[in-house]
Amino acid sequence: MTASVETGADLVAPLASRRLARLRHLDLVGLVITLVTVVGAVLWAFPLYWGLVTTFKPEYEVVRPGVELWPQHFTLENYAHVLLQTKIGLWYVNSLITSGAVTIIVVMMAAGAGYAISQLEFPGRRFFWWMILASFMIPIPALIVNHFILMSQLRVINTLAGVVGPQLIAPVTVIIYKQFFDSVPKDFREAAVIDGASEFQLLFRIYLPMNWGVTTALAIITFIAAWNLFLWPFLAVSSEDKMNITVGITQVHDAFGVSYGRDLAVAMLAAMPVAVIYLIFQRRVTQAIMLSAGIKG
Amino acid sequence: MSAVAAKNGEAAAPHVELRRVTKRYGPVTAISDLSLTVDKGSFTALLGPSGCGKSTLLRMIAGLEPITAGQCFIDNLDVTDVPPAQRRIAMVFQSYALYPHMTVRQNIAFSLSVAGQPKKVQNERALEVARILQLEPYLDRRPAELSGGQRQRVAIGRALVRKPEVFLFDEPLSNLDAKLRVQMRLELAKLHADLGTTMIYVTHDQTEAMTLADKIVVLDKGVISQVGSPLELYNAPANKFVAAFIGSPSMNFFPVDIAAINGRTASVVLPGGRTVEIGIAAGAGARSAELGVRPEHLTVVDPKDPAAAFAGAVAIIERLGNSTILYIETAVGQLIVEGEGDLDAKSGQTVGLRLNQSHARLFGATGATL
């Protein structure tokens, strides 16, 4: 009896110490990972924090040397100025119209194109598919001069339509739709065909509703991307009344030049809807980013 | 012939007819020069192993698969190039193909809805169909909230609501568990008796075909092997393929020599040296053949019994309650024997087998029944 107890203790001791060692080892790795993540998060979040804090500082505090993490004199003057003295309301409306139009048109077009390429047999189907694949391998900024010339020939420069136009090129959205439609079992299609459904009914009553998740995810990231876009709206529009909120930031200056506090206040206000959308649809946005990342490789 | 046709005093008219139909996929021929008629109001099963072309045949009748050569008629109308929706057919798929985002009601009424029927009509018809199929309590549920059997019924309901001329079933019960399959089989039989509509049913399960159909079409590699009633196929198979495919457990086959042929009987020498007389219809001049005998036509007897045609050792015993299946190792290979439920046998025991020769069949070198 005694002997067996001793044996047991002999066995337990090294086992315990080994387990402890393993635990310590795990903890260390966990600690390092946590630290790296925290440092990363701080590095990522600090500019946002810095921007936000700056909007509550009077301009002389903003421009004086040194790092001040908190405003000495808290003020809402920057917000008051941009909300009352600029056309920010109009810019918001313009952003809403252009981003909304881009979202709706892109989703409808991409769903239609994705459906056609996935489900219909027509001459040139492969050619169109390769065109779409090829077109997303060319970065949009490389085409921006061509876009400008095209839009100016269409006489839509300096209009909201001109802002929307080139943003409708969305090959990735088509590719994602095509892949989702490909994966719908063909029995659904055949059952509906026997029931007398037309191609439009098939798309709008079966294929799209069966993939609502994808549509909402794609709509959200298309909207966010259109809302955040700066370069093209900046080039396409020169009159202040037609500007998006991102471009509007460039207009917030007075006789004394640029005021950083005010600029950042517009930027914060511009980012707010996107932040809200992101917070509400967090899961969908992540899903959409993963979808498009999967395709972009 | 269907009950309805008989009631109306009509002769069975071909309702669906395939004339010299061929289907090729590139260089592969799936169906070759096949002709088939399906009587009005009949329940016809297309039976065969996977890859025999039975689903392709059904899909060609449905219009989902273009016909490479030949013609398809429904109700004496050439529908070869008519789109599926205008053929007045309805199809129930193996996967049910229920739209997951729609309720049972919407699924059932889908065809009416795409045809632009008013909501009121859609609701009435959906309710009517739901009543027939006992789906009323589930009308507002989605397919994901239903059991397998209920989904199956919704799929049938979706077909029913169109009031089709012909029902097409593509292995509709194969996704159900054994017990539910038996239950749904009965419901389908009842549905056919009630509606009297022509039904064409694809299956690889011979029990389903035998129990449901009044006519079975056995397909092998894209060619019709035999068409007949379930008992015709069972008792008088046209060839070895049908003989082997119909019946469970499967028929036993072994090679035999033919000693002499006298008109409609052949004297066959069994491997043990014993001679038996087997009825034939063809095959004069054949010297050797394969003898086919169903498990229930072999009887276990004492090995010393003078009537015993073979002797062998019991390898495996399967007790099913109402019957006993024995796998017996004999000089001609393993033979399957079906006996009484309380059959007295032990594994390893040597037994004699008596052959019920009036039920045995001879198959020639090509596989055709002699």
Side-chain angles (χ1 to χ4, degrees), chain A residues 104 107-108 110-112 114-126 176-220 281 283-284 287-288 291, chain B residues 55 58-66 79 82-103 106-117 122 142-144 151 154-172 175:
Chain A
I104 292 168
V107 167
M108 294 322 290
Y115 178 79
I117 288 170
S118 161
Q119 301 294 320
L120 304 184
E121 288 289 339
F122 58 91
R125 190 173 80 128
R126 277 191 160 271
I176 292 175
Y177 265 123
K178 187 215 173 248
Q179 291 190 335
F180 269 84
F181 291 161
D182 278 350
S183 65
V184 172
K186 80 173 192 295
D187 282 3
F188 287 108
R189 179 187 181 77
E190 291 180 342
V193 164
I194 289 181
D195 279 347
S198 65
E199 295 297 345
F200 272 99
Q201 285 170 326
L202 273 163
L203 172 59
F204 287 104
R205 302 198 50 185
I206 293 171
Y207 280 79
L208 272 183
M210 276 180 76
N211 291 291
W212 266 146
V214 190
T215 300
T216 40
L218 289 174
I220 292 162
F281 298 107
R283 251 183 48 208
R284 289 267 181 237
Q287 187 194 351
L291 285 177
Chain B
S55 281
L58 192 79
R59 291 166 57 78
M60 289 198 290
I61 298 171
L64 295 171
E65 207 75 66
V79 294
V82 173
Q86 288 159 30
R87 294 190 179 198
R88 290 183 296 160
I89 47 114
M91 187 157 163
V92 175
F93 291 83
Q94 184 178 359
S95 66
Y96 317 143
L98 301 181
Y99 309 123
H101 56 287
M102 295 183 196
T103 60
Q106 289 167 328
N107 263 291
I108 292 177
F110 183 74
S111 62
L112 306 173
S113 150
V114 296
Q117 296 271 10
Q122 291 180 30
R142 286 182 202 279
R151 284 181 208 180
V154 178
I156 294 170
R158 212 169 54 181
L160 213 57
V161 81
R162 304 187 62 216
K163 299 190 174 161
E165 286 276 326
V166 182
F167 273 100
L168 306 176
F169 294 93
D170 190 3
E171 309 216 12
N175 284 350

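So you know, we letter chains A, B, ... as the sequences are listed, proteins then strands, and number each from 1.
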Checklist entry - Any donor-acceptor pair under 3.5 Å linking the side chain of B/Arg162 with the backbone of A/Ile194? => result yes

Do the non-hydrogen side-chain atoms of B/Leu98 and B/Phe110 ever get within less than 4.5 Å of each other?
-> no

Under 4.5 Å to a heavy atom of chain B? For A/Pro209 that would be both

Bottom line for A/Arg189: the part with an atom under 4.5 Å from chain B's heavy atoms is neither

Flag, side chain of A/Thr216 to backbone of A/Gly213, donor-acceptor distance under 3.5 Å: yes

d(A/Ile206 CD1, A/Phe188 CZ) to nearest 0.5 Å is 8.5 Å

- Item | Other residues, nucleotides, ligands: >12 heavy atoms within 6.0 Å of A/Phe200 CZ | no

Output for pair (A/Leu202 CG, A/Phe181 CZ), nearest 0.5 Å, gives 11.0 Å

Interface check, chain A: of B/Ala85, B/Pro84, B/Gly63, B/Pro83, most non-hydrogen pairs under 4.5 Å belong to B/Ala85

To the nearest 0.5 Å, atom CG of B/Asn107 lies from atom OG of B/Ser113 at 11.0 Å

Contact list (residues 87-95 of chain B to chain A, heavy-atom gap under 4.5 Å, by number) returns B/Ile89, B/Ala90, B/Met91, B/Phe93, B/Ser95

Okay, A/Glu190 and chain B: the region with an atom under 4.5 Å from a heavy atom over there is both

Examine B/Arg158 relative to B/Tyr99 and say whether NZ or CZ is less than 6.0 Å from the centre of the six-membered ring and inside a 45° cone about the ring axis.
yes

